[in-house]
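Whatever order the structure lists ligands and atoms in, that order sets their numbers, starting from 1.
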Amino acid sequence: MPPVHKAVIPAAGLGTRFLPATKAQSKEMLPIVDKPAIQFAVEEAVRAGLRDILMITGRGKRALEDHFDRSFELEHYLEARGKVDELAEMRRIAEMADIHYLRQGEPRGLGHAVSVAREHVGDSSFAVMLPDDLMHEESRLLEEMLAVHERYGRSVIALKEVPHAEVSLYGCVRPEEVEPGLVRVVDIVEKPAPEDAPSTLAVMGRYVFSPAIFEALEQVTPGKGGEIQLTDAIGLLSKEEEVYGFVFEKGRYDVGNKLDYLRATVELALERPDLGPDFRKFLADVARRERLV
Ligand code: G1P
């Protein structure tokens with residue numbers, strides 16, 4: 001298996017769940033403390049050795065390009081004021097990966113967004129990372145999925161056990177165990193009603209695909225919500241060649257969901273050496289005042 005070098009990050013969503021904050025700015029730029037959500041995804045890709053990143057964007061996403069570009073005025077300003085650390089950090093962000101941008105055109109769903117990457121990806125395997133699924137920096141999920149891909153030469157999707165009532169928020173699989181923590185996907189459904197769900201193993205937004213996914217995407221017709229669903233293409237692919245599911249437990253935040261966005265903000269702020277100690281005291285005061293403990 002030639003090593004995977006490319007990651008595709010669909011970032012064309014409108015972010016309606018975060019209106020009005022997302023009326024005039026991209027939801028991927030919403031910060032967790034002071035780091036935009038999208039930067040977590042790019043850093044995760046780079047940690048896993050994927051330095052060639054294609055972002056699928058749309059209208060109103062210019063801030064994403066600016067964020068990962070050099071900013072000479074800002075650098076000049078920081079340099080003139082001796083802000084050495086900030087300057088180094090701004091340069092690091094601009095240089096950590098080769099980022100390409102392509103617009104999706106019509107918003108026709110996640111499957112369509114991934115199909116737009118075909119030309120860029122070519123005939124090699126690649127990762128897809130959904131930035132709403134933010135992974136903790138200590139998680140090695142993507143590296144582990146890439147290792148499974150290297151072992152079997154097939155597509156691998158990330159799976160997590162969720163409460164039964166929540167399966168309707170996710171793609172959901174019928175698994176067949178290969179070994180502990182690794183399954184073969186026998187069937188997959190997008191956002192089933194809990195009573196129709198084949199299991200409580202839900203798809204999380206990390207995928208490593210063989211290039212055969214593009215043929216499958218060409219064949220799918222609009223599914224749930226009238227959109228071209230990536231899940232439906234994975235279903236078709238699983239009839240042609242094995243698709244593996246890598247089961248993980250820890251380290252994921254759904255920053256497209258307000259409550260989980262708050263959890264990410266609080267937990268990641270607590271871990272910061274510059275903020276954590278004071279923030280911990282503040283939270284303890286709040287907990288006492290609100291009689292939470
Ligand atoms: C998308 C996919 C879904 C997957 C989820 C993971 O849904 O369509 O299969 O389980 O991402 O976060 P979305 O959350 O974009 O509605």
Side-chain angles (χ1 to χ4, degrees), residues 7-18 22 26-28 30 37-38 40-41 44 55-58 104 107-117 127-136 139 141-142 145 155-175 183 185 187-194 196-209 213 216-217 220-238 243-261 263-264:
V8 173
I9 304 186
L14 294 177
T16 47
R17 281 192 281 177
F18 273 82
T22 49
S26 152
K27 70 164 173 170
E28 293 81 11
L30 291 179
I38 190 77
F40 283 87
E44 181 190 342
M55 282 195 200
I56 311 296
T57 65
Q104 188 182 357
R108 290 173 56 204
L110 179 60
H112 177 247
V114 172
S115 72
V116 166
V128 170
M129 308 169 72
L130 307 188
D132 271 356
D133 285 309
L134 187 149
M135 296 306 300
H136 192 283
S139 161
L141 172 64
L142 192 54
M145 292 173 67
S155 299
V156 187
I157 65 178
L159 297 175
K160 186 174 180 296
E161 280 288 348
V162 298
H164 188 238
E166 286 176 23
V167 287
S168 57
L169 300 172
Y170 299 103
C172 183
V173 304
R174 182 184 307 285
V183 302
V185 174
D187 198 8
I188 182 166
V189 222
E190 179 69 0
K191 302 187 176 140
D196 301 331
S199 74
T200 45
L201 270 182
V203 181
M204 299 294 140
R206 295 294 179 277
Y207 312 80
V208 178
F209 286 122
I213 192 69
L217 279 166
V220 292
T221 49
K224 195 103 189 170
E227 296 187 336
I228 302 290
Q229 294 292 350
L230 183 57
T231 297
D232 295 344
I234 297 169
L236 280 182
L237 181 64
S238 70
V243 171
Y244 291 90
F246 185 87
V247 184
F248 75 104
E249 284 171 23
K250 288 202 203 95
R252 176 239 182 201
Y253 299 99
D254 176 5
V255 296
N257 167 292
K258 286 178 205 173
L259 200 57
D260 226 33
Y261 178 83
R263 185 171 71 93

Discussion item. Are any of the N/O atoms on Leu110, whether in the backbone or the side chain, positioned under 3.5 angstrom from an N/O atom of ligand 1?
Written reply: no
Worksheet entry | Shortest protein heavy-atom distance from atom 11 (O) of ligand 1, along with the residue and atom involved | Leu130 CD1, 3.3 Å
Item to complete: Measure Val203 to ligand 1 on non-hydrogen atoms and call it side chain, backbone, both or neither using the 4.0 Å cut-off.
Response: both
Item to complete: Would you indicate which of Arg17, Lys191, Lys160 comes nearest to atom 13 (P) of ligand 1 when only heavy atoms are counted?
Response: Lys191
Worksheet item: With distance as the sole test, does Lys224 use its side chain to make a donor-acceptor pair with the main-chain N or O of Lys191 at under 3.5 Å?
Response: yes
Worksheet item: Nearest protein heavy atom to atom 2 (C) of ligand 1, by residue and atom, and its distance?
Response: Glu190 OE2, 3.6 Å
Discussion item. Between Asn257 and Asp260 (side chain of the first, backbone of the second, donor and acceptor by atom type, cut-off under 3.5 Å), is there such a pair?
Written reply: yes
Worksheet item: Can you name the nearest heavy-atom pair linking Gly111 to Leu217, along with the distance?
Response: O-CD2, 3.4 Å
Discussion item. Counting only nitrogen or oxygen atoms and a 3.5 angstrom limit, does Gly171 reach ligand 1?
Written reply: yes
Worksheet item: Quick one: nearest non-hydrogen protein atom to atom 12 (O) of ligand 1, plus distance?
Response: Asp133 OD2, 2.7 Å
Item to complete: Using the test side-chain contact (heavy atoms from CB on, under 4.5 Å), find all partners of His136 that sit at least two apart in sequence or belong to another chain.
Response: Glu138, Tyr253, Leu268, Glu271
Worksheet entry | Pairing residues for Asp187 by the side-chain hydrogen bond (donor to acceptor under 3.5 Å, both in side chains) criterion, not counting sequence neighbours | none
Discussion item. Quick check on contacts: which atoms of ligand 1 are under 4.0 angstrom from a heavy atom of Thr231?
Written reply: 9 (O)
Discussion item. Quick check on atom 15 (O) of ligand 1 - does any protein heavy atom sit closer than 4.0 Å to it?
Written reply: no
Worksheet, complete the sentence: For Val203 and Tyr170, the nearest pair of non-hydrogen atoms, with its separation, is O-CD2, 3.6 Å
Item to complete: Would you name the heavy atoms of Gly245 and Val185 that are closest together and state the gap between them?
Response: N-CG2, 4.2 Å
Worksheet item: Does Leu230 approach ligand 1 within less than 4.0 angstrom via side chain, backbone, both or neither, non-hydrogen atoms only?
Response: neither
